[in-house]
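Lettering of chains follows the sequences in order, A, B, ..., and the numbering in each one begins at 1.
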Amino acid sequence: MKQRRQQQMSWKALVGLPDLPEDVDEEILLRLPPESLILACKRVCRLWYNLINRPSFVDKYLRFNIQKTTTLRYNSNSSVSLFLKWTLQELSLHEIFVSHLRVCNHHQNHLSKQVLSLTTISTSTDDNAGGDLLPCVIQPVSLSPFVVE
Amino acid sequence: MSSSSTTTTTTRLLMLKASDGVTFEVEEAVATKLGAINNMVEEEGSEDLICLPNVNGKFLGMVLEWCKKHANNNTNSDKGNDEVNKWWDKEFVMDLDQNTLYHLLMAADYLSGTELVDLLTEKVASMIRGKKVEEIRETFKIKSDFLPGQEEEIRKKNSWAFE
């Protein structure tokens, strides 16, 4: 039995999404595509904003989606979302990522800070992928950079 | 009813008591689909009566209904089983109102019914997918608690990723 929710809950009370335990909220958000998380969910309320920005969520999101992609191999258009954490002052890493990700100006104000971003690598079968030499497309999909103090 | 329900059959029966005193008699194989019950059975061994002070009878009943269906379908070694389960799951979540959905989700989470939590969270996620901020707030009746300007700042910070 889970220890952390020993308190009595009023079962007649009307509950809403924000009343759900945080791990349940997390389970829900894990199932959403990055666009939905970043463009919509993050702006819904503080609770979700903080949850989505949290490194532990980012880690779970990555694992969950890799697992899902590997079990859904029949899906011809699969993609894996990767969260990248790097320190901007390390030039070598910075150079690698700056070529793929359009780094906003405000990042550069925190040169010594670590930044977390989400990149989606998709093995796309549509568009002009047929003649493309690269097997995957790296899209600059980013959660608002999470600055680790 | 007490724990005197001794049975000569091989399937052991457990008595689950909800917060409002409602009791359910269920086969062990059904109840142990819930991780929390499984742990209790393993730990406490002989106890046939399990009290669940955090789950209301209405929702415990629904959770057990789901467990029963899945336990039954799993014992039938029919190859169409997966399909049957999927169809049944779809029916199960189709007409749930939001309040029931959340209570059920909390009950399933509390009882560590992992598969049921998967099913229900997927249902909630499907209600969010493709919606805009305002639509999500409206659907789930969430009030924005950002300070004025904060939300706009978040929008600006993030929108470049999808230009």
Side-chain angles (χ1 to χ4, degrees), chain A residues 1-49 52-53 64 101-107 117-120 139-145, chain B residues 18-20 36-37 39-40 52-59 98-99 101-103 105-112 117-118 120-137 139-146 150-163:
Chain A
M1 196 69 55
K2 295 189 177 179
Q3 287 298 312
R4 64 184 182 282
R5 276 199 307 284
Q6 286 298 309
Q7 79 275 18
Q8 272 280 358
M9 301 203 67
S10 166
W11 288 95
K12 279 175 189 153
L14 214 66
V15 289
L17 264 192
D19 303 318
L20 293 177
E22 219 170 77
D23 57 340
V24 174
D25 268 6
E26 234 177 37
E27 282 291 319
I28 294 166
L29 296 173
L30 284 180
R31 290 165 165 76
L32 295 166
E35 300 93 293
S36 202
L37 284 185
I38 295 151
L39 297 182
C41 294
K42 260 189 158 185
R43 287 164 54 198
V44 169
C45 60
R46 275 165 191 268
L47 191 90
W48 281 10
Y49 178 80
I52 293 167
N53 270 0
F64 181 86
L101 304 166
R102 281 169 285 169
V103 179
C104 280
N105 283 337
H106 66 265
H107 291 201
S117 285
L118 169 66
T119 298
T120 300
Q139 296 169 326
V141 178
S142 171
L143 288 175
S144 134
Chain B
S19 62
D20 51 357
I37 307 282
N39 287 346
M40 285 173 119
L52 302 164
N54 285 1
V55 190
N56 175 280
K58 181 187 169 188
F59 305 107
Q98 274 192 40
N99 202 43
L101 183 59
Y102 300 149
H103 277 304
L105 194 42
M106 284 196 275
D109 180 59
Y110 172 71
L111 296 166
S112 311
V117 171
D118 281 350
L120 297 170
T121 47
E122 180 51 46
K123 166 76 180 177
V124 181
S126 75
M127 293 156 74
I128 299 174
R129 226 170 268 138
K131 284 200 172 79
K132 295 193 174 77
V133 191
E134 293 76 18
E135 294 168 330
I136 296 173
R137 286 207 195 109
T139 307
F140 300 101
K141 298 181 179 56
I142 301 173
K143 273 194 179 156
S144 170
D145 52 359
F146 288 110
Q150 260 184 346
E151 196 199 323
E152 178 59 18
E153 200 184 311
I154 298 167
R155 193 192 64 77
K156 274 189 193 151
K157 262 192 198 169
N158 291 281
S159 57
W160 61 274
F162 294 97
E163 270 163 12

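Looking at B:Arg137, its side chain does come within 3.5 Å of a backbone N or O of A:Val44 through a donor-acceptor pair.
With a 4.5 angstrom heavy-atom cutoff, B:Glu135 does not touch chain A via any of its atoms. Proximity to chain A (any heavy atom under 4.5 Å) is shown, for B:Asp20, by neither the backbone nor the side chain. For chain A, the nearby parts of B:Ile128 are the backbone and the side chain; heavy atoms of each come within less than 4.5 Å. With a 4.5 angstrom heavy-atom cutoff, B:Lys123 does not touch chain A via any of its atoms.
Atoms CG and OH, from B:Asn54 and B:Tyr110 in turn, are 4.0 Å apart once rounded to the nearest 0.5 Å. In this structure, CG in A:Leu37 is found 10.5 Å from CZ in B:Arg129, a value given to the nearest 0.5 Å. Rounded to the nearest 0.5 angstrom, B:Ser19 OG and B:Lys58 NZ are separated by 12.5 Å.
The side chain to side chain contact (heavy atoms under 4.5 Å, CB included) test with A:Leu20 singles out one residue from B:Leu105, B:Asp109, B:Val124, B:Thr121, and that residue is B:Leu105.
With chain A as partner, the option from B:Glu122, B:Gln150, B:Lys132 having the largest number of non-hydrogen pairs under 4.5 angstrom is B:Glu122.
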